[in-house]
Amino acid sequence: QVQLVESGGGLVQAGGSLRLSCAASGSIFSMDAMGWYRQAPGKQRELVATLTSGASTNYADSVKGRFTISKDNAKNTVYLQMNSLKPEDTAVYYCNAFVRTWPTTLGYDYWGQGTQVTVSS
């Protein structure tokens, strides 16, 4: 009913930048809380950044000052601008959104398929 499709991952050298995008499609009434998570090999999935419908943001300590989450409501798209990337940022990045759908406006949690980010030293 709702799909989240990430893009923008890739290979970058340490100190470089990438911008991830997550586009939502389907019977969307509203997108409430949205966020980015990541999972490195052998590690648990962890929160990177979240953004509420009221524009409040929250970042993991490890990315504060380097990453910025934002959204384009008209495009139902959330972004993650990643600057000053470090090798420890290497992971699969997943988009998450709590989406209310037509016609019931009930909300559900959705995940994207993930996009690989690799930072070389």
Side-chain angles (χ1 to χ4, degrees):
Q1 198 169 12
V2 171
Q3 282 192 321
L4 302 182
V5 179
E6 298 115 333
S7 61
L11 174 64
V12 64
Q13 287 189 331
S17 298
L18 284 173
R19 188 176 82 153
L20 305 183
S21 299
C22 173
S25 61
S27 304
I28 298 170
F29 172 74
S30 67
M31 291 177 63
D32 296 348
M34 293 162 280
W36 289 94
Y37 293 73
R38 66 187 181 186
Q39 187 167 18
K43 295 188 177 181
Q44 289 189 329
R45 189 173 299 189
E46 63 177 1
L47 180 148
V48 176
T50 60
L51 174 63
T52 69
S53 58
S56 295
T57 58
N58 182 48
Y59 294 94
D61 288 342
S62 60
V63 307
K64 281 181 182 176
R66 299 188 298 123
F67 291 10
T68 303
I69 187 171
S70 62
K71 63 180 178 177
D72 184 330
N73 289 326
K75 295 181 179 179
N76 287 327
T77 299
V78 61
Y79 304 98
L80 184 69
Q81 178 67 44
M82 305 186 293
N83 298 328
S84 302
L85 282 161
K86 304 175 181 180
E88 51 263 44
D89 294 318
T90 295
V92 178
Y93 284 70
Y94 296 90
C95 173
N96 169 260
F98 185 80
V99 183
R100 298 188 184 275
T101 59
W102 293 103
T104 65
T105 73
L106 290 175
Y108 297 93
D109 216 30
Y110 292 91
W111 290 88
Q113 81 286 354
T115 186
Q116 177 70 46
V117 172
T118 302
V119 184
S120 63
S121 57

A.B. asks: Does N83 use its side chain to pair, donor to acceptor, with the backbone of G16 at less than 3.5 Å?
C.D. replies: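 No; zero donor-acceptor contacts below 3.5 Å.
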A.B. asks: Please report the closest heavy-atom contact between S121 and P87, naming both atoms and the distance.
C.D. replies: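 Here S121 and P87 meet closest at CB-CG, 3.8 Å.
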A.B. asks: Under 4.5 Å between side-chain heavy atoms, hopping through other hydrophobics if needed: is there a path connecting L80 to L18?
C.D. replies: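 Yes, it is one cluster - the side chains of L80 and L18 are joined through contacts under 4.5 Å.
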A.B. asks: Might you point out which heavy atoms bring F67 and Y59 nearest each other, and give the distance in Å?
C.D. replies: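 Nearest pair, atom of F67 first, then Y59: O-CE2, 3.3 Å.
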A.B. asks: Report the distance from atom CE of M34 to atom CG of N76, rounding to the nearest 0.5 Å.
C.D. replies: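 M34 atom CE to N76 atom CG measures 9.0 Å (nearest 0.5 Å).
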A.B. asks: If every non-hydrogen atom of Q1 is compared with every non-hydrogen atom of T101, which pair is closest and at what distance?
C.D. replies: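 Nearest heavy atoms, Q1 then T101: NE2-OG1, 4.0 Å.
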A.B. asks: Considering only residues two or more places apart or on different chains, which pairs with a residue in residues 65-87 satisfy salt bridge (charged side-chain N to carboxylate O under 4.0 Å, His left out)?
C.D. replies: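 Pairs touching residues 65-87 that pass the test: R66-D89.
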A.B. asks: For E46, look at atom CD and say whether over 12 heavy atoms of other residues, nucleotides or ligands are found less than 6.0 Å away.
C.D. replies: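 Counting neighbours around CD of E46, more than 12 heavy atoms of other residues, nucleotides or ligands fall under 6.0 Å, so yes.
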A.B. asks: Apply the hydrophobic cluster definition, ILVMFWY joined by side-chain contacts under 4.5 Å directly or through others, and give me every member besides L47.
C.D. replies: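 The other cluster members (ILVMFWY side chains, heavy atoms under 4.5 Å, direct or chained) are Y37, V92, Y94, W111.
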A.B. asks: Does anything in residues 13-121 pair up under disulfide bond (SG atoms under 2.5 Å apart), and if so which pairs, sequence neighbours excluded?
C.D. replies: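 Qualifying pairs: C22-C95.
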A.B. asks: The criterion is salt bridge (charged side-chain N to carboxylate O under 4.0 Å, His left out); which residues satisfy it with R100, sequence neighbours excluded?
C.D. replies: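 Here the qualifying residues are D32.
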A.B. asks: When L20 is tested against each of E6, Q81, M82 for side chain to side chain contact (heavy atoms under 4.5 Å, CB included), which residue passes?
C.D. replies: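 Exactly one candidate clears the test, M82.
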A.B. asks: Do the side chains of V119 and V48 join up, straight or via other hydrophobic residues, at under 4.5 Å, putting them in one cluster?
C.D. replies: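 Result: yes, single cluster for both.
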A.B. asks: Consider only side-chain heavy atoms of I, L, V, M, F, W and Y, link residues closer than 4.5 Å, and tell whether F98 and L51 are in one cluster.
C.D. replies: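 No: no chain of side-chain contacts under 4.5 Å links F98 to L51.
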A.B. asks: Please report the shortest heavy-atom distance between A97 and L4, naming the atom on each side.
C.D. replies: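 What the structure gives for the nearest pair is N-CD1, 3.8 Å.
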A.B. asks: Looking at residues at least two apart in the chain, or sitting in another chain, which of them share a salt bridge (charged side-chain N to carboxylate O under 4.0 Å, His left out) with K64?
C.D. replies: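 Only D61 meet the salt bridge (charged side-chain N to carboxylate O under 4.0 Å, His left out) criterion with K64.
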A.B. asks: For S62, what residues pass the side chain to side chain donor-acceptor pair (under 3.5 Å) criterion, not counting sequence neighbours?
C.D. replies: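 For S62, the residues satisfying side chain to side chain donor-acceptor pair (under 3.5 Å) (neighbours in sequence not counted) are R38.
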A.B. asks: Do the non-hydrogen side-chain atoms of V2 and Y108 ever get within less than 4.5 Å of each other?
C.D. replies: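 The answer is no; the side chains never approach within 4.5 Å.
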A.B. asks: Find out if a path of hydrophobic residues (ILVMFWY) with successive side-chain heavy-atom gaps under 4.5 Å connects V78 to Y110.
C.D. replies: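 Yes, one cluster joins them.
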A.B. asks: Out of curiosity, D109 CG to N96 CG, how far, rounded to the nearest 0.5 Å?
C.D. replies: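 So the gap between those two atoms works out to 4.5 Å.
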A.B. asks: Tell me whether T118 contacts the main-chain N or O of T90 through its side chain, where contact means a donor paired with an acceptor under 3.5 Å.
C.D. replies: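 Such a contact is absent between T118 side chain and T90 backbone.
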